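Report on the following structure.
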Amino acid sequence: MLFMAESYDFASIERKWQSRWQRDAAARVRGKDGRPKYYTMEMLPYPSGDLHIGHAKNYSLGDAVARMMRMLGYDVLHPMGWDAFGLPAENAAIARGIDPAAWTTENILNMRRQIRLMGTSYDWSHEIATCEPEFYRWNQWLFLRLFERGLAYKREAPVNWCPQDQTVLANEQVQDGRCWRCGHLVERRNLSQWFLRITEYADRLLADLDRLPGWPERTRTMQRNWIGRSEGATFAFAVDGLDASVEVFTTRLDTVYGVTFLALAAEHPIVAELRRIVSPEHAAEIEAFAQSMKSKSELERTSLMEKHGIFTGAYAIHPLSRTQVPIWITSYVLADYGTGAVMGVPAHDERDFEFARKHALPAVTVVVPPGDAQAVEGRVFVEDGRLIASDDFSEMSSERAREAIAATLEARSLGRRTVNYKLRDWLISRQRYWGTPIPIVHCPSCGEVAVPEEDLPVLLPPGVTLRGEGSPLASVPEFVETTCPSCGEPARRESDTMDTFFDTSWYYLRYLDPHNDTRPWSLQRAQQWMNVDQYIGGAEHTVLHLLYSRFFYKFFHDRGWVTGPDEPFSHLFHQGMVLRDGEKMSKSRGNVVGIDETAEKTGVDAMRLFLLYVTPPEDTSDWTDEGISGRVRLLHRVWRACLPFFERAAAAGGENGRALPQAESPQEKALLRAVHVVAKSAVEETLSRRFHYNTTIAKLDELVNAMTSAAGTTSESPALLYAVRTLPVLIAPFAPHIAEELWERLGNPQSVHFEAYLEPDERALEVDEVTLVVQVNGKVRARILVPASIEQERALALALEDPNVRAHLGGKTVRKQIYVPGKLVNLVA
RNA sequence: GGGGAAGUGGCGGAAUGGCAGACGCAGCCGCCUCAAAAGCGGCCGAGGCAACUCAUGUGGGUUCGACUCCCACCUUCCCCACCA
């Protein structure tokens, strides 16, 4: 051997191209050059410190999509930013006695470096960080637009309070009765808080899910369930001995004659009044029960399933039967759903049944199954059926009875048909520092006054000592003490900050126009770029971020700030998690795969290929060191396949040999086909938005195998040269560094990422010969090699000639012949 | 309790009505090497000497033909969960 062949040195190749791409701003959008727009983005990260492998999977996929779409001729906007406000920064600041801004900035610097280290193609000229005044002033501006429309309001209500994080939480942020962030049990507290009236949009948020075919079905279903629409009726029971009534909501008006008690939540406003009219003993019991409910956490009250309750001593009058029913206070009625009171129908509701049995309340059967009416006596029957013992409504079907009873209640002004939602208004106040100050001033005479637009942003005061208790901003006199913008008298500034989900409900619009200092974004930019064509991120945001964003976008649409469809994300894709050797990665387990180490050990091209190859992107992937070494091997094979052509191809000039050559042999034909099979897969997986690049990369393996064996027999074939010249284009979206390096070494002056992707060529994809499977009665009995263009007659004749086929036919007559061109013949005897 | 997704070799997966197991990982054998690594070539679901038979969670069904479609069941994972 005269000299050592140069081997694939991923470290220097990756370093070289990352700095060159950054210098050339290679991923900038092109602007108006007639190409169709494509807005694709990944969910922006929280700057927690280090990029983890889950981010890497998200961005490997997102970057492959962006690069594919660019090479397919689109003007691609692919931005990145930072979800930079939030509790971890504040907690880190408390623990270390530092400024959350400093901690956040440091993390952003590190993670931006790591995202670049992955060789991703983001257009950094659109970068945003939500903690910067030039971003959050527009949070405040948008809040004021919501406020002036009555969609932002302050109200005292029982809310979720996390004692660990010392702040309130939105419903969506309570999981299994615990804080989504720290896992601490959530308490119930009555506090005055800011809400956004998302319930105003409940109907549209629900109905429009049907107009999002580009969203995963499970995500739409989960949102549907979360919104939880139910149709029913609301009607009132008069309280005996009191000039007041209690409204109840029900979806089962057909069971109304089965009511044997009325059940109230402990917080129901009528409870205080009842205490006045009942005996002192009952009043004392009511007080004690209400107190015991108050002291219990939401989880204890609702998830422990034990149904507690007491009789109040008061009675209500059934609006239809005019009978007396006892009024109970129970643990299982929710204060903030429906009316906070329910009609108790033990015979036809599981929960009422359980409660009635425990407290010896009677059950009255009023709906029976069509067949055996006796069968349900003494048991709970929750299905629809035929009514009995229900005055004029007896003998009706449940469905008809619901209509008829509702009509009667409406005619007599006793009630009305109503729709209820599980969705509650979105609580956005947070008693924390590191978030957007709510731009409101509380004036003793004027009430809640909006901070004038010219005074925005209300800046977060710097240098606040954070102790992790109390409301940090409330303890800063220079911040809180102000004058009323309306009357000029002394007033107090609102000290709550916003939930960070406010920031991420519209950040995709700020990306479009990140430096606009007169508006959050311009209508022109929104018209040019919205909607987001592809959004890729984890499934954990299904009912949080993705629902809030839809709400905001509909509001913007109604105000005319965006045009076109009133949904922000036309296509949504959830990538799966990444495990390591079947286990979750965590610092405590010590099994975290670091981006920096991986870049050093295997290179990021191999990492990107592995993450896309190991599973379909929506599935959970398992990171193994052996697995990634398979992708490293592939890249070495790619390199070696191209290596002998560096000098020759460069000398021949980049543009030569781009046309599909004539295949001189079956092997060459197969090689050319393998090239176009990769292209076909890549294009189809991209445009279908299935993104199963695992199959594309498997075909790339096959191509490289074919190139390796072709090189073993002939090194001068035009087909092999064509494959070598085309390979960098094929792999550019998935392994961008090696693609660029090979492209340059093969004599191309311009970046491979500006090339058009290889258009799958039908001539290259077609085959001359196919293996026809011959079945007899559905079982494979022969395989015959035939010309691809074979006629049906001829194929059947050849099939019948096969000795094994004849043996299995055993002389019987063929009753039926199935012929699938290019695939199989089935002879049914 | 409700809803959703999924069950295929030792492992990740491919095939979505037409040759089950592409491609890779692991393993085994060989070549190369003084040796090892790398690389290259081969084998790799089970049974059988073979012809073949069996095999995609289980049981049915539709079909010339089912991993794929339908029904029932089992298992796993995820989400919601006293929402009247």
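Values in this document were obtained by computation on a predicted structure and should not be read as measured data. Chain naming here is simple, since letters A, B, ... match the order of the sequence lines and numbering starts at 1 in each. Quick note: numbers below take in every heavy atom, side chains included, and nothing from hydrogens, waters or symmetry partners.
The residue A/Arg640 sits close only to the backbone: its heavy atoms come under 4.0 Å of sugar-phosphate atoms, none of a base. At the heavy-atom level, A/Glu350 lies nowhere under 4.0 Å from the strands shown. Residue-level contact check: A/Ser621 touches neither bases nor backbone, having no heavy atom under 4.0 Å from any strand. Within the nucleic acid shown, A/Val614 comes within 4.0 Å of sugar-phosphate atoms alone, with no base atom in reach, counting heavy atoms only. Looking at heavy-atom distances under 4.0 Å, A/Lys823 makes contact with sugar-phosphate atoms alone, never a base. Residue contacts for A/Gly228: at a heavy-atom cut-off of 4.0 Å it reaches no nucleic acid atom on any strand shown. Within 4.0 Å of A/Val773, counting heavy atoms only, lies at least one base atom of the nucleic acid. Across all strands, A/Asn694 comes closer than 4.0 Å only to sugar-phosphate atoms, never to a base (heavy-atom distances). Base engagement by A/Tyr613 is indicated by at least one non-hydrogen atom pair under 4.0 Å involving a base atom. Within the 4.0 angstrom heavy-atom criterion, base atoms lie near A/Arg424.
With rounding to whole Å, A/Glu247 atom CD is found 15 Å from B/A84 atom C1'. Residue A/Lys422 contributes atom NZ, which lies 13 Å from atom P of B/G2 at whole-angstrom precision. As a whole-Å value, the separation of A/Asn826 CG from B/G17 C1' is 13 Å. Spacing between atom CG of A/Leu612 and atom C1' of B/C23 amounts to 15 Å, rounded to whole angstrom units. Between the OH atom of A/Tyr332 and the P atom of B/C82 there is a distance of 13 Å, given to the nearest Å. Atom CG of A/Asp619 and atom P of B/G7 are 9 Å apart (whole Å). For A/Lys699 and B/A14, the NZ to P distance is 10 Å, given to the nearest whole Å. The nearest whole Å value for the distance from the CD atom in A/Glu231 to the P atom in B/A84 is 12 Å.
Taking the C1' atoms as reference points, B/U68 lies 23 Å from B/U53, given to the whole Å. Across B/G57 and B/A50, the matching P atoms stand 28 Å from one another, rounded to whole Å. On the P atoms, B/C77 is 42 Å away from B/G41, given to the nearest whole Å. Between B/A20 and B/C25, the two P atoms lie 26 Å apart (nearest whole Å). B/G47 and B/U62: their P atoms are spaced 34 Å apart (whole Å). The separation of B/G1 from B/A55, taken at their C1' atoms, amounts to 38 Å, rounded to a whole angstrom.
Side chains of A/Tyr257 and A/Thr365: a donor-acceptor N/O pair is absent below 3.5 angstrom, by distance only. With 3.5 Å as the limit, one finds a donor-acceptor pair spanning the side chains of A/Tyr693 and A/Thr686.
Sequence order on RNA chain B of the closest nucleotides to A/Thr615 and A/Ser629 puts A/Thr615 first from the 5' end. Each of A/Trp226 and A/His636 was assigned the nucleotide of RNA chain B with the nearest heavy atom; the assignment lying further toward the 5' end belongs to A/His636.
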**Study point:** Pair pattern of RNA chain B in dot-bracket, where unpaired bases get dots and | marks partners in another strand, Watson-Crick or G-U under 3.5 angstrom
**Key:** (((((((..(((.....[....))).(((((.......))))).(((....)))..(((((..]....))))))))))))....
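Note: A/His318 NE2 to A/Leu262 CG = 10.0 Å, rounded to the nearest 0.5 Å.
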Exercise for review: Show the numbers, then the answer: is there a side-chain hydrogen bond (donor to acceptor under 3.5 Å, both in side chains) between A/Glu618 and A/His692?
Suggested key: CA-CA 9 Å; A/Glu618 67 273 25; A/His692 282 202; 2.9 Å; yes
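Judged by distance alone with a 3.5 Å cut-off, no donor-acceptor contact links the side chain of A/Lys816 to the base of B/C64.
The glycosidic torsion of B/G60 lies more than 90° away from 0, which places this base in the anti conformation.
With hydrogens and angles ignored, the 3.5 Å screen pairs a side-chain donor or acceptor of A/His348 with a backbone N or O of A/Phe381. A side-chain donor-acceptor contact under 3.5 Å links A/Asn591 to the backbone of A/Lys584. Within the 3.5 Å criterion, the main-chain N or O of A/Leu611 finds no donor-acceptor partner in the side chain of A/Ser60. Looking only at distances, a side-chain donor or acceptor of A/Thr708 sits under 3.5 Å from a matching main-chain atom of A/Val704.
Checked against B/C64, B/A20, B/A84, the side chain of A/Val780 finds its nearest nucleotide in B/A20. Distance from the side chain of A/Thr708 is smallest for B/C40 among the nucleotides B/G18, B/C25, B/C40.
Contact annotation: A/Asn804 side-chain N/O to B/C52 OP1/OP2 distance is under 4.0 Å. For A/Lys779 and B/C54, the shortest distance from a side-chain N or O to OP1 or OP2 is below 4.0 Å. Look at A/Arg580 and you won't find any side-chain N or O under 4.0 angstrom from OP1 or OP2 of B/G12. Side-chain N/O atoms of A/Asn705 include none lying less than 4.0 angstrom from OP1 or OP2 on B/C40. Taking 4.0 angstrom as the limit, A/Arg224 places none of its side-chain polar atoms (N or O) nearer than this to OP1 or OP2 of B/C80. Between A/Tyr337 and the phosphate of B/A84, there is a side-chain N or O to OP1/OP2 separation shorter than 4.0 Å. Taking side-chain N and O atoms only, A/Arg218 has no distance below 4.0 Å to OP1 or OP2 of B/A6. OP1 or OP2 of B/A84 lies within a sub-4.0 Å distance of a side-chain N or O belonging to A/Ser230. Under 4.0 angstrom from either OP1 or OP2 of B/A38 there lies no side-chain N or O belonging to A/Arg637. Phosphate proximity of B/G4 to A/Asn225: absent, as no side-chain N or O sits under 4.0 Å from OP1 or OP2. Residue A/Arg781 has no polar side-chain atom (N or O) positioned under 4.0 Å from OP1 or OP2 of B/C19.
Under the 30°/60° scheme for interplanar angles, the aromatic rings of A/Phe249 and A/Tyr337 are found to stand perpendicular.
Ionic pairing of A/Arg673 and A/Glu702 is not present here: no N-O contact between side-chain nitrogen and carboxylate oxygen is shorter than 4.0 angstrom. A salt bridge links A/Arg402 with A/Asp384: at least one charged nitrogen is closer than 4.0 Å to a carboxylate oxygen.
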